[in-house]
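Please read these numbers as outputs of a predicted model, since none were measured by experiment. Along the sequence shown, residues carry numbers from 1.
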Amino acid sequence: ENLLDVVLSATKGKKADFAFETAGSPKTYEDIANYVKPGGTLVLQGMLPVDKVSMPMVKIVTEEINIVSVFRYCNVYEQAIKLVSGRRADLMPLITHRFGFDEVGKAFDFIVSSTDEKIKVMINF
């Protein structure tokens, strides 16, 4: 689907108040401003694999789009380890697909090209 069409349909043509970038993909960073209305807010949370990306700054400035960044890992490792090790957080439902070690190539192909819903794809040793 065309994401802009989905956003316009869901917002009755007005675009979103907020758009969250959580994938850390240069492409989604470049496109995210297209989905918020003037005065809307971009929340940049995904960690990029590169230092710089292009963003439509004229659009962001002229439409007064706000940018908020979130460093989601800051100071949470110890808490997360305690939750998981104390079995207070069940992470197993997050694993949506499993591949054997001999299927590593197949697993990466699946991650890149599959349209299946996936959260975490595991490779078992």
If I compare all heavy atoms of [X] with all of [Y], which pair ends up nearest, and what's the gap?
X   : Y   : answer
V50 : P26 : CG2-CG, 4.2 Å
P56 : E30 : CD-O, 3.5 Å
F20 : I32 : C-CD1, 3.9 Å
I60 : A33 : CG1-CB, 3.9 Å
M92 : R98 : CE-NH2, 3.2 Å
T28 : A23 : OG1-CB, 4.3 Å

Notebook entry, point to check: Do any N or O atoms from the side chain of E21 and from the backbone of G24 form a donor-acceptor pair under 3.5 angstrom?
Noted result: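 Confirmed, E21 side chain pairs with G24 backbone.
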
Check: Taking the side chain from T11 and the backbone from V7, do they hold a donor-acceptor pair closer than 3.5 Å?
Finding: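 Checked: pair present.
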
Looking at [atom1] of [X] and [atom2] of [Y], how far apart are the two atoms once the value is rounded to the nearest 0.5 Å?
X    : Y    : atom1 : atom2 : result
M57  : I65  : CE    : CD1   : 9.5 Å
K106 : I123 : NZ    : CD1   : 12.0 Å
F99  : N124 : CZ    : CG    : 10.5 Å
K37  : E64  : NZ    : CD    : 13.5 Å
N2   : S9   : CG    : OG    : 11.5 Å

Item checked: Face-on cation placement of K118 at F110 ring, 6.0 Å and 45° thresholds -> yes

Minimum side-chain heavy-atom gap [X]-[Y] below 4.5 Å:
X   : Y    : result
L42 : V36  : yes
H97 : I95  : no
T96 : M122 : no

By side-chain hydrogen bond (donor to acceptor under 3.5 Å, both in side chains), which residues pair with [X], not counting sequence neighbours?
X    : value
N34  : none
D90  : none
K120 : none

Check: Taking it one step at a time, do V53 and M55 satisfy side-chain contact (heavy atoms from CB on, under 4.5 Å)?
Finding: CA-CA 6 Å; V53 294; M55 292 184 78; 4.3 Å; yes

Margin query: Checking one residue: V84. Which other hydrophobic residues are in its cluster under the side-chain 4.5 Å linking rule?
Written below: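 L91, L94, I119, which link up through side-chain heavy atoms under 4.5 Å apart, make up the rest of the cluster.
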
Note to self: Quick one, K15 with L4, criterion side-chain contact (heavy atoms from CB on, under 4.5 Å). Give me CA distance, side-chain angles, the key distance, then yes/no.
What the structure shows: CA-CA 8 Å; K15 296 189 179 178; L4 181 56; 4.2 Å; yes

Next item on the list: Start with the C-alpha gap between L44 and I67, add the side-chain angles, then the distance that decides, and say whether side-chain contact (heavy atoms from CB on, under 4.5 Å) holds.
Entry: CA-CA 7 Å; L44 306 178; I67 298 176; 3.6 Å; yes

Next item on the list: State which residues pass ring-ring contact (aromatic ring centres under 6.0 Å, His included) with F18; sequence neighbours excluded, sorted by chain then number.
Entry: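 F18: no ring-ring contact (aromatic ring centres under 6.0 Å, His included) contacts found.
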
Check: For K59, what residues pass the salt bridge (Lys or Arg N to Asp or Glu O under 4.0 Å) criterion, not counting sequence neighbours?
Finding: E63

